[in-house]
Chemist: 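Sharing a structure below in C-alpha cells format, with a few things to ask.
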Amino acid sequence: MSFFRNMISNKAGMPPGTLIHIGERKAENIRLSIIDYDEKGLEEKELKTIEESFIYKDKPSITWINIDGLHDVEIIAKIGNEFDLHPLIMEDILHTNQRPKMEDFENYLFIVIRMLYYDKTENEIISEQLSLILWKNLVISFQESSGGIFEPVKERLRKDKGRIRKMGPDFLLYALMDTVVDNYLIVLENINERVEELEEELISRPEPGTLEAIHNFKRELIFLKKSLWPLRDLIGILERGESELIQEKTTVYFKDVYDHTIHMIDTVETYRDLVSGMMEVFLTSISNRMNEVMKMLTIIATIFIPLTFIAGVYGMNFNYMPELSWRYGYFMALLIMLMVGIVMLIWFKRKNFL
Amino acid sequence: MSFFRNMISNKAGMPPGTLIHIGERKAENIRLSIIDYDEKGLEEKELKTIEESFIYKDKPSITWINIDGLHDVEIIAKIGNEFDLHPLIMEDILHTNQRPKMEDFENYLFIVIRMLYYDKTENEIISEQLSLILWKNLVISFQESSGGIFEPVKERLRKDKGRIRKMGPDFLLYALMDTVVDNYLIVLENINERVEELEEELISRPEPGTLEAIHNFKRELIFLKKSLWPLRDLIGILERGESELIQEKTTVYFKDVYDHTIHMIDTVETYRDLVSGMMEVFLTSISNRMNEVMKMLTIIATIFIPLTFIAGVYGMNFNYMPELSWRYGYFMALLIMLMVGIVMLIWFKRKNFL
Amino acid sequence: MSFFRNMISNKAGMPPGTLIHIGERKAENIRLSIIDYDEKGLEEKELKTIEESFIYKDKPSITWINIDGLHDVEIIAKIGNEFDLHPLIMEDILHTNQRPKMEDFENYLFIVIRMLYYDKTENEIISEQLSLILWKNLVISFQESSGGIFEPVKERLRKDKGRIRKMGPDFLLYALMDTVVDNYLIVLENINERVEELEEELISRPEPGTLEAIHNFKRELIFLKKSLWPLRDLIGILERGESELIQEKTTVYFKDVYDHTIHMIDTVETYRDLVSGMMEVFLTSISNRMNEVMKMLTIIATIFIPLTFIAGVYGMNFNYMPELSWRYGYFMALLIMLMVGIVMLIWFKRKNFL
Amino acid sequence: MSFFRNMISNKAGMPPGTLIHIGERKAENIRLSIIDYDEKGLEEKELKTIEESFIYKDKPSITWINIDGLHDVEIIAKIGNEFDLHPLIMEDILHTNQRPKMEDFENYLFIVIRMLYYDKTENEIISEQLSLILWKNLVISFQESSGGIFEPVKERLRKDKGRIRKMGPDFLLYALMDTVVDNYLIVLENINERVEELEEELISRPEPGTLEAIHNFKRELIFLKKSLWPLRDLIGILERGESELIQEKTTVYFKDVYDHTIHMIDTVETYRDLVSGMMEVFLTSISNRMNEVMKMLTIIATIFIPLTFIAGVYGMNFNYMPELSWRYGYFMALLIMLMVGIVMLIWFKRKNFL
Amino acid sequence: MSFFRNMISNKAGMPPGTLIHIGERKAENIRLSIIDYDEKGLEEKELKTIEESFIYKDKPSITWINIDGLHDVEIIAKIGNEFDLHPLIMEDILHTNQRPKMEDFENYLFIVIRMLYYDKTENEIISEQLSLILWKNLVISFQESSGGIFEPVKERLRKDKGRIRKMGPDFLLYALMDTVVDNYLIVLENINERVEELEEELISRPEPGTLEAIHNFKRELIFLKKSLWPLRDLIGILERGESELIQEKTTVYFKDVYDHTIHMIDTVETYRDLVSGMMEVFLTSISNRMNEVMKMLTIIATIFIPLTFIAGVYGMNFNYMPELSWRYGYFMALLIMLMVGIVMLIWFKRKNFL
C-alpha cells in the first residue's frame with residue numbers, strides 16, 4: 001500500500017524555491033563520493049565536505065559527484081550556489097515525490113527519475129527518487145539512500161570496460177539511466193513470475209485471497225505506469241538529441257534505452273489487459289462454483305421434499321386411513337417413494353442438471 | 001452532492017454581456033482591499049469605494065486590487081468601465097460556474113479558475129470561482145467569499161520574502177495561482193488518506209456503506225478532473241509565454257505550477273484506475289460472501305433433509321411395518337442416519353465444499 | 001424512444017439534389033416573416049409569398065427572413081433559385097435529420113444545427129432542425145415549426161437592446177445560434193435535476209424502475225452527445241474567423257458560444273461517467289439485497305432443519321425406543337432442541353452472519 | 001455468423017500479383033456490359049468478349065464498363081493488360097475480402113469498397129466486394145454478382161436525369177459510390193427497427209433469446225464498423241480533391257457522400273453505446289428476477305419451517321407429554337402456529353420484503 | 001502460457017553491446033546458407049564458416065545470407081565486424097525477445113520482426129525472432145531455428161518466377177517480410193475457426209471449460225496485438241520510402257504488405273470486440289442457468305413445504321383432535337392438500353414462473 005503514500009505533499013503558502021526536504025529519511029548519514037576520470041586515468045574518493053568537489057568543476061577530465069541521502073539541505077544549497085542552479089530545481093531535488101521529468105537549462109540538464117526495486121521480503125515495489133544534473137564536464141547524482149545500484153557502472157569505469165571512459169559525461173548519464181531502467185526489468189520479471197502463478201491458481205483453485213492478489217497486482221501495474229510513461233517521454237527527448245549537452249554519437253545509446261522503455265510499457269499494457277481479464281475470470285469462476293453448490297442443494301431438496309411429504313401423509317393420525325391397514329401398505333408406500341425419486345432423477349438427467 | 005448543482009445556469013434570451021450575478025451569495029459584505037508595492041515600499045489598505053483604487057492605475061508601482069464578494073454588480077461594472085474590459089468578461093466574472101479558462105486581450109489577460117477547499121465537517125469539496133485580471137502594472141482578483149487563502153502571499157509581500165517584490169505583476173499572478181494549486185494538493189492529500197482507509201475496509205470488511213463511499217469517491221474524482229484538465233491547458237499557455245504580459249523570466253515559475261498540475265492529473269488518473277478496481281473487488285467480495293452463506297445452507301440442508309426423510313418413514317402409521325417391532329430397530333435407524341450423515345460429509349470434503 | 005427514429009432515411013436511387021421533404025410535418029401552415037433593420041430603424045412584417053422578400057436582397061439594411069415549416073418544397077426551391085444556392089444545400093434543408101454541419105461557399109455560409117427542447121409532459125427531449133444561411137447582408141432561417149424560441153432576439157431587435165442593431169448580419173447569426181445553445185442549457189438543467197433525484201433513489205431505495213430510468217438517462221446523454229460534438233466543431237470554425245462573412249469583432253461572441261458548448265460537453269461527459277457508476281451501484285445494491293434475503297433464509301433454515309430432524313426422530317413408531325418411556329424424556333428433548341438452537345445462533349454470531 | 005468467414009485468406013508463398021480468384025463464386029456466368037455516353041447520346045450493350053470494350057478506350061465520350069462475376073481470371077488479366085494496371089491491383093480485385101481502400105496511380109484511380117445488403121429471409125447482412133477503376137474517360141466496375149443495385153444510375157443515364165450526362169467520369173464514379181452508400185442506409189434502417197423492438201423486449205420481458213439477439217446485434221455493428229471506417233477515410237481523400245482525376249466541381253458531391261458516411265458512423269457509434277447499455281440492463285433484469293424468485297422461496301420457507309417444527313414436536317411419541325392430554329392442547333397449538341405465522345409476516349413487511 | 005515467458009530479460013549491469021545469446025536455444029546446429037543471384041544466374045550453397053560469405057560483399061550480384069540458430073555468438077560477432085554493424089544491433093539480434101522495430105543506419109537497414117506459427121499439437125502460437133539486415137547489395141537474415149518458412153521464396157528465386165530476380169535486394173527483403181506476414185494470416189485463420197466454434201458452444205452449451213477457452217483466446221489476441229502494432233509502424237516507414245536503401249518501385253510492394261497488416265490489425269480488433277462480448281454472454285448464460293435451477297427449487301419447495309406442514313399438523317399426538325375421528329377426515333385432508341397445491345401452481349403460472 002505504501003506506494004501511493006506521500007504521492008502528494010503540502011507546501012501551501014511557502015515561497016517558491018524554499019529548500020525543505022520532503023519525504024522519508026532513508027539514509028542514516030549523507031555520503032559524498034566522487035569519481036574523476038578521462039581516457040588515461042581515474043581517481044575515486046569519498047568526500048568529507050561538498051566543497052572538496054568544487055575544484056573538479058573546471059578540470060578538463062570528467063567528474064561524477066554522487067550524493068547519497070538528501071536530508072542535509074545545506075549541502076544541496078551549496079551545490080546549487082556553486083553550479084548556479086535555479087532555486088526551483090533545488091526544490092525538486094529535495095521534494096522526493098516528483099513525477100519523472102527533464103528540464104533543459106542552457107548550461108545544464110536536470111533529470112528526475114524514479115528507481116524501482118523489488119523488496120522480496122515485504123513483497124512490494126520500493127521507489128526512490130534519483131536526480132541527475134548534467135553539466136558540461138560533470139554529472140551530479142542525488143540518491144535518497146546509498147543502495148549499491150550503480151556499483152556495476154563504477155566497475156566499468158575502474159576497469160575501463162566498454163567505451164565508457166572514451167566518451168563524454170553524457171555517456172555517463174546514459175550509463176546511470178540505463179542501469180536504472182535495467183532495474184525496472186527485474187521488477188517486471190518478478191511480476192511476470194507472479195502472473196503465471198496467479199493465472200494457474202485462477203483457473204484451477206480460485207480463493208478469496210486470489211482476489212486480493214489480483215487487486216494488488218493491478219495496483220502495482222498502475223504504479224509502474226505512473227513511473228514509465230513520463231520516463232519514456234523524457235528519454236525520447238534525450239534520444240532525439242534536442243539538448244546540446246547530448247552528443248550526436250550518444251543518442252544511439254539513448255535510443256536503445258528508449259526501446260527498452262517502450263518494450264516495458266508494452267509489457268505493462270499487456271499485463272493490464274491480462275489483469276482485467278483475470279478479474280472477469282475470477283468473478284465467473286465464483287459464479288460457476290455457486291451454481292454447482294446451488295445445483296446440488298436443488299437436486300437433494302427437490303428429491304427428498306416430495307418423499308418427506310409422502311412419509312408425512314402416512315404419519316397422520318386419522319382414525320380412518322384405509323391404506324394403513326393394508327397388508328402391504330408400507331411396502332407400497334416405499335415403492336411409491338422409490339418411483340418418485342427415480343422419476344425425479346430421470347427428469348434431472350433430461351434437464352441436464354446431472 | 002452539491003458540486004454538480006449550479007453547474008448549468010439558464011440565461012436564455014438575455015443579450016450577451018448582461019451583468020447579473022449568477023450563483024450563491026457566499027459573502028455577507030463586499031470587501032475591497034488594495035496592496036500597492038515596489039521594491040522599496042508597500043502600501044496596504046481597505047477601500048470604501050472602488051473608485052479609490054483607480055488612482056493606482058497609472059502609478060509605476062505594482063498594484064493588487066482584491067474584491068471579495070460578487071453580488072454588487074455595480075462595482076464590477078465600474079471596474080469594467082475604468083479598465084475597458086469586454087462586456088463578456090464582466091459577465092464571466094459574475095456567472096460563478098465558469099469552466100476554467102484564459103483569454104488574452106491585447107492589453108490585459110483574463111483568467112478564471114476554481115478554488116477548491118476540503119470542508120472536513122461536511123466531508124465534501126467546496127468550490128469557488130476566482131477571476132484574475134492581469135493589467136500592465138496591476139492584478140485584479142475577484143473572489144466569491146473572503147477566505148484567507150491569499151494571506152501567505154500577502155505576508156510574503158509585506159515581509160519582502162523571496163523575490164516577489166522584485167518581480168512584475170505577472171509574478172504576483174503566478175503567486176496567486178500557485179497558492180490556489182497548492183490548495184488542490186491539500187484536497188488530494190485528504191482524498192489520499194480516505195483511499196487507504198477505503199482499500200483496507202474493502203478487503204477486510206465490506207459493507208453496504210462501502211459502496212456509497214466508493215461512489216462518492218468516484219464523483220469527487222470526476223469533479224476534480226473537471227477542474228484540473230482545463231487548468232492544465234491554461235497554465236500551459238502561460239508557461240509557453242504566449243502572452244506578452246508574461247515576462248520571459250516568469251515562465252519558469254509557471255512551468256513549475258504546470259508540473260504540479262500534471263502531477264495532480266496523474267494522481268487523479270491513478271485514483272480513477274484504482275476506484276474502478278475497487279468497485280469490482282467490492283462486487284466480488286459480496287459474491288464471495290453470498291457463496292459462503294449458500295454453501296452453509298446447502299451443507300446443513302443436504303445433510304438433514306435425507307435424515308428427516310428417514311425419520312419420517314419410520315413415523316408412518318402403517319399397521320404392518322416389520323422394522324418397527326424389531327428389538328434394535330430404533331438403534332439401527334439411528335445408525336443408518338449416522339452413516340448417511342458421515343457419507344454426506346465425506347462427499348462434501350471430496351467436493352472441496354468444506 | 002423517439003429520438004432515434006428517423007435518424008436514417010432512405011433516398012436510395014434518387015439523383016443528388018432532388019428536393020423532397022423528409023421528416024415529420026410539424027407545422028400546420030408555413031409562416032414567412034421578415035425583419036429588416038439598421039441602426040436607425042426597423043421594419044417587421046409577415047409575408048404572403050416568398051417573392052416579397054427578394055426586394056430586400058440588394059438593400060443596404062440587414063434583413064432576417066424566417067421560414068417556419070418546410071413541407072412546401074416550392075418555397076424552398078424559389079429561395080434556392082433567387083440566392084443561387086447549391087442543390088445539395090436545398091436537399092439538406094429539406095431532409096430534417098441532418099447531422100449539425102457548416103459549409104462555406106464563397107458568397108454564403110450554410111449552417112445546420114439542432115434545436116432541443118425538453119417536453120415536460122412527455123418527459124422527453126424534442127429535437128428540431130434549424131438551417132441558417134448567412135448572406136452578405138441577410139440571414140435566412142428555416143425552422144420545422146414556429147416555436148417562439150427566437151422571440152427574445154426579436155425583442156432585442158425591436159427595442160434596440162444591446163449592440164445587435166449596430167452590428168452586421170453575422171451578429172444576428174450569432175444571436176440566433178446563442179439562443180439555440182442557451183436552450184440546450186435548459187435541457188441540461190432539467191437532466192441535472194433528475195440526476196440528483198436518481199442518485200438519491202439509487203442509494204436509498206433501488207427499484208426495478210430505477211434501472212429503466214438509468215437506461216433512459218443514458219440514452220438521452222448519447223443523444224445530446226450526437227448533437228453537441230459536431231456543434232462544437234462548427235462553432236469552433238466560426239470562432240476562428242475562417243470565413244470572410246464573419247467579421248473580426250464578432251468572433252469574440254462566437255468564442256463565448258464556443259465556451260458554452262465546451263462547458264456543456266464537459267457536463268455531458270461528467271454525466272456519462274456518473275451514469276456508468278450508477279449502473280454499477282444499482283447492480284451491487286441488488287446483489288446486496290439478495291444477500292440479505294439469502295442470509296435470512298439460511299439462518300432460519302439452518303436453525304430449524306436440525307430441530308425438525310430431532311422432532312422427527314422421536315416421532316418414529318419403533319416399539320422399543322427407551323427415551324420415549326423416560327419420565328422427563330420430553331423435556332429433555334425440548335432442552336436438547338433449545339441447546340442446538342442456541343449453539344447455532346452463537347455460531348452465526350461468530351461467523352458475522354447476524 | 002457468415003460475415004467473419006473468409007475475412008482472412010491464405011496465399012502464403014505465392015509471388016505477389018499471382019491472379020487467383022479467392023472468395024465464394026456468387027454469380028453463375030460472367031456478364032459484361034457497357035454504357036457509352038456524352039451530353040448528346042448514349043449507347044448501351046452487352047458484350048461477348050472483353051476485347052469489344054477496348055475500342056472505347058480512346059473515344060472522347062465517357063464509357064462505363066461493368067463486369068459481374070469474378071471467377072474468370074482471364075478476363076480480369078486482359079483488362080489489366082489493356083489498361084496497364086499494376087499486378088497487385090489485379091490481385092486485389094480477385095481477392096474478394098479486401099478492406100476498403102483507394103490507390104492513386106498517376107493515370108488511374110483504384111477503389112475497393114464493400115456493398116452491403118440486408119437479406120430479410122436469412123436475417124443477416126450480405127457483403128460483396130465492388131472494385132472501381134477510374135480512367136481519364138472511363139469507369140470500370142467489378143461486382144461479385146449481378147445484383148440490380150446500379151439500375152437507378154443506369155436509368156438516370158438513359159433518361160438524362162439530373163446532371164449526370166453533363167459531368168465527367170468522376171461524377172459517374174460518385175454516382176456509383178453514392179448508390180452503394182445509400183444501400184448502407186437501408187441496412188442501418190433495418191437495424192434501427194430491430195433496436196426499437198429489442199429495447200422494448202428488454203425492459204418488459206427479457207428472455208434467454210434476447211441475449212442472443214443482443215449479441216448478434218453487437219456483431220453486426222462490429223461488422224458495419226469494419227466497412228464504414230475505411231470507407232470514410234477513402235471518401236475523405238476523394239472529397240479533398242487530392243487526386244487529379246477528380247474535378248474541382250465534383251468534390252462537393254463527394255463531400256455530400258462524406259457527410260452521409262460520417263452520419264452513419266455516428267449512428268453506428270450511437271448503437272454501440274446503446275448495445276453495451278442493453279447488455280447491462282439485461283444482466284440486471286435477470287438478477288432482479290432471480291431476486292424475486294428467491295424472495296418468494298424465502299418467505300414461504302421461513303414461514304412454514306418453524307410451523308412444521310412445532311407440528312413435529314407434538315408428533316413425538318414420548319409417553320409423558322403433558323400438553324397432549326390437555327383439553328384444548330390441539331387448538332392452542334394451532335393458535336401458536338397462527339401467531340408465529342402472523343409475526344413472521346409482519347416482520348417481512350417491516351423488512352420491506354413484501 | 002508460454003508466450004509471455006521470457007518477454008523480459010535481465011541484463012542489468014552489463015555494458016551496452018555485450019554479446020550474449022538470451023532466449024531458448026531452438027536449433028541443434030547453426031546452419032549457414034547463401035544464395036547469390038542476378039538476372040542471369042543463381043548460385044546456392046551451404047557454408048561451413050561464415051567467412052566464406054564475405055567474398056560476396058563486393059560482388060555486383062545480389063546475395064542473401066541466411067543464419068539459422070543464434071547460439072554461436074562468435075559467428076554473429078564476425079558478421080558484425082565485417083559489415084561494421086553497431087554493437088547495439090548485434091545485441092538486439094542475440095536477445096531474442098525484441099519488440100519489432102526498424103533502424104536506419106546510413107549504409108544499412110536493421111529490422112527485427114517476429115515470426116508466428118500455429119502449433120496444432122500443442123494448440124498454441126509459437127513465436128520466433130527474425131532479424132534482417134539490408135545492405136546495398138545483400139540481405140542477411142537471422143532465424144532462431146531452421147524452419148522451412150522461406151522455402152517458397154527460394155523456389156521463386158531458383159525458378160526465376162515473378163520479378164524477384166529482376167529487382168534489387170530491397171525486393172528480396174520485401175519477399176521475406178511478405179512471407180512472414182502471410183504466416184500471420186494462417187495463425188489468424190486458425191483463430192477464426194476456433195472463434196466460430198466457441199461462439200456456437202457459448203450460446204448452445206456453455207461449460208466451465210468455455211471460460212478458459214475464452215480467456216486463452218483473449219490472451220492470444222493480446223499477444224498478436226503486441227506483434228502486429230509495431231510491425232505496422234515499421235512497414236509503414238518502409239512503404240513511405242523514407243530509407244534510401246528502398247527503391248521507389250519497391251514501395252508499392254511494401255504498401256501491399258502494409259495493407260495486409262492493417263487488415264490483420266482490423267481483424268484482431270474485431271476479435272477483441274467479439275471476445276469481450278463473449279465473456280458477457282458467458283456470464284449471463286451462467287446467471288440464466290442459475291435462475292432456472294433456482295426457479296425449480298423454489299417451485300418444488302414452495303408447493304411441498306405447506307403440504308408437509310399440513311401433514312405434520314395431523315401427525316400431532318394430541319388426545320383431543322376432533323378432525324382425526326371424522327369419518328372422512330383423511331380424505332378431506334388429502335383434498336385440502338390437493339387444493340393448496342393447485343392454487344400454488346395457478347399462482348406460479350400467473351407470476352410467469354412456469
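Below, chains carry the letters A, B, ... as their sequence lines are ordered, and counting in each starts from 1.
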Chemist: Please state whether the side chain, the backbone, both or neither of C/L334 comes within less than 4.5 Å of a heavy atom of chain D.
Modeler: side chain
Chemist: Using a cut-off of under 4.5 Å on heavy-atom pairs, state which of D/D266, D/L297, D/V313, D/T302 scores highest against chain C.
Modeler: D/D266
Chemist: To the nearest 0.5 angstrom, please state how far the NZ atom of C/K225 sits from the OG1 atom of D/T270.
Modeler: 7.5 Å
Chemist: So do D/T267 and C/K226 actually touch side chain to side chain, heavy atoms under 4.5 Å?
Modeler: yes
Chemist: Can you tell me how far apart CE (C/M294) and NZ (D/K295) are? Round to the nearest 0.5 Å.
Modeler: 13.5 Å
Chemist: Using every non-hydrogen atom in the two residues, find where D/Y320 and C/Y330 come nearest and quote the distance to one decimal.
Modeler: O-CB, 3.4 Å
Chemist: Taking non-hydrogen atoms and a cut-off under 4.5 angstrom, which of residues 163-175 of chain D neighbour chain C?
Modeler: D/R163, D/F171, D/Y174
Chemist: Under a 4.5 Å heavy-atom cut-off, does chain D meet the side chain of C/F309, its backbone, both or neither?
Modeler: neither
Chemist: D/T308, D/I310, D/D259: which one forms the most heavy-atom pairs within less than 4.5 Å of chain C?
Modeler: D/D259
Chemist: Which bit of D/F150 is near chain C, if near means a heavy-atom gap under 4.5 Å: side chain, backbone, both or neither?
Modeler: neither
Chemist: What closest approach, in Å, do C/H215 and D/L274 show between heavy atoms, and which atom pair accounts for it?
Modeler: CE1-O, 4.4 Å
Chemist: Hey, is OH on C/Y328 packed in by over 12 heavy atoms from elsewhere, all under 6.0 Å?
Modeler: no
Chemist: Within this structure, what is the CD1-CZ distance for the pair D/I265 and C/R99, rounded to the nearest 0.5 Å?
Modeler: 9.0 Å
Chemist: Heavy-atom distances under 4.5 Å only: say whether C/L88 touches chain D with side chain, backbone, both or neither.
Modeler: side chain
Chemist: Per the salt bridge (charged side-chain N to carboxylate O under 4.0 Å, His left out) rule, what does the pair list look like for residues 271-288 of chain D, sequence neighbours excluded?
Modeler: C/K218-D/E280, C/R272-D/D273, D/R272-E/D273
Chemist: So C/H86 and D/V252, side chain to side chain contact (heavy atoms under 4.5 Å, CB included) or not? Walk me through it.
Modeler: CA-CA 9 Å; C/H86 196 281; D/V252 67; 3.5 Å; yes
Chemist: So which atom in D/W347 and which in C/M296 form the shortest heavy-atom distance, rounded to 0.1 Å?
Modeler: CZ3-SD, 2.8 Å
Chemist: Work out which heavy atom in D/I305 is nearest to a heavy atom in C/I300; give both atom names and the distance.
Modeler: CG2-O, 4.5 Å
Chemist: Side chain, backbone, both or neither: which part of C/D92 has a heavy atom under 4.5 Å from chain D?
Modeler: side chain
Chemist: Of the backbone (N, CA, C, O) and the side chain (C-beta and beyond), which part of C/M316 lies under 4.5 Å from a heavy atom of chain D, both, or neither?
Modeler: backbone
Chemist: Based on non-hydrogen pairs under 4.5 Å, which of D/G277, D/G162, D/G315 is most in contact with chain C?
Modeler: D/G277
Chemist: Can you tell me which portion of C/P87 sits under 4.5 Å from chain D's heavy atoms? Options are side chain, backbone, both or neither.
Modeler: side chain
